[in-house]
Amino acid sequence: QVQLVESGGGLVQAGGSLRLSCAASGRTIRGYVMGWFRQAPGKERELVGAISWSGGTTYYTDSVKGRFTISRDNAENTVYLQMNNLKPEDTADYYCVASTPDGSNWYGGPYDYWGQGTQVTVSS
């Protein structure tokens, strides 16, 4: 069992930056693929990014490539999402997630553990 707690969300103007943090407890995150999902009101949840066990491989959805960076510090049991050049379309609740992949796609899930979420609002 892994407990995940996000922090760092808030209100930011378009073009600004935020850094989300995810603190894990209960079990080391070393054995998990970690990622961030987001969900906006009335929209389907979307995998924003994922990072492999060692941090050597990352995935990003097309809409955030070049703007967002996911990283992990296994020793500190923490995952980060650096979000730059934020756009109003990025407004959503952001969730830290942990996965033990069961398919051919390393970032394909299932994502077994979810944090409570942190809200990001980007104003025009």
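Here, residue 1 is the first one in the sequence, and each next residue gets the next number.
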In residues 14-26, what donor-acceptor pairs under 3.5 Å come from side-chain atoms, sequence neighbours left out?
{"from": "Ser17", "atom 1": "OG", "to": "Asn84", "atom 2": "OD1", "distance (Å)": "2.9"}

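Asp93 is linked by a salt bridge (charged side-chain N to carboxylate O under 4.0 Å, His left out) to nothing, counting only residues two or more places apart in sequence or in another chain. Among residues two or more places apart in sequence or in another chain, the side chain to side chain contact (heavy atoms under 4.5 Å, CB included) test is passed with Val33 by Ala50, Trp53, Ser99, Pro101, Trp106, Tyr111.
A donor-acceptor pair under 3.5 Å links the side-chain atoms of Asp73 to the main chain of Glu76, judged by distance alone. Under a 3.5 Å cut-off, the side chain of Tyr60 and the backbone N or O of Ile70 do form a donor-acceptor pair. Although no hydrogens or angles enter the test, the distance criterion places a donor-acceptor pair under 3.5 Å between the side chain of Asn77 and the main chain of Arg27. A donor-acceptor pair under 3.5 Å links the side-chain atoms of Thr91 to the main chain of Val122, judged by distance alone. Under a 3.5 Å cut-off, the side chain of Arg30 and the backbone N or O of Asn74 do not form any donor-acceptor pair.
Between Trp36 and Phe68, the ring center distance fails the sub-6.0 Å criterion.
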- Check the pair Glu46, Thr61 against side chain to side chain donor-acceptor pair (under 3.5 Å), reporting the backbone distance first and the verdict last. CA-CA 8 Å; Glu46 174 186 34; Thr61 192; 3.2 Å; yes

- Item | Working for side chain to side chain contact (heavy atoms under 4.5 Å, CB included), residues Arg38 and Val64 | CA-CA 12 Å; Arg38 68 184 179 186; Val64 308; 4.0 Å; yes

- Any chance you could lay out the side chain to side chain contact (heavy atoms under 4.5 Å, CB included) test for Tyr59 and Leu47, step after step, and finish with the verdict? CA-CA 9 Å; Tyr59 161 82; Leu47 178 64; 3.8 Å; yes

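By the 4.0 Å N-to-carboxylate-O rule, Lys65 lies close enough to Asp62 to be salt-bridged with it.
The two residues Lys43 and Gln39 have their closest heavy-atom pair at O-NE2, 3.3 Å. Taking each heavy atom of Leu86 and Arg67 in turn, the nearest pair found is CA-NH1, 3.8 Å. Residues Gly9 and Val120 come closest through the heavy atom pair CA-CG2, 4.2 Å.
The line from CD1 of Ile51 to CZ of Arg72 is 6.0 Å long, rounded to the nearest 0.5 Å. Residue Leu11 holds its CG atom at 9.0 Å from CD of Gln119, rounded to the nearest 0.5 Å.
Val2 and Leu81 fall within a single hydrophobic cluster, where Ile, Leu, Val, Met, Phe, Trp and Tyr side chains are chained together by heavy-atom contacts under 4.5 Å.
Screening Tyr94, Tyr95, Phe37 against Val48 for a side-chain contact (heavy atoms from CB on, under 4.5 Å) leaves a single residue, Tyr94.
Using modelled atom types and a 3.5 Å distance limit, the side chains of Glu6 and Gln116 yield a donor-acceptor pair.
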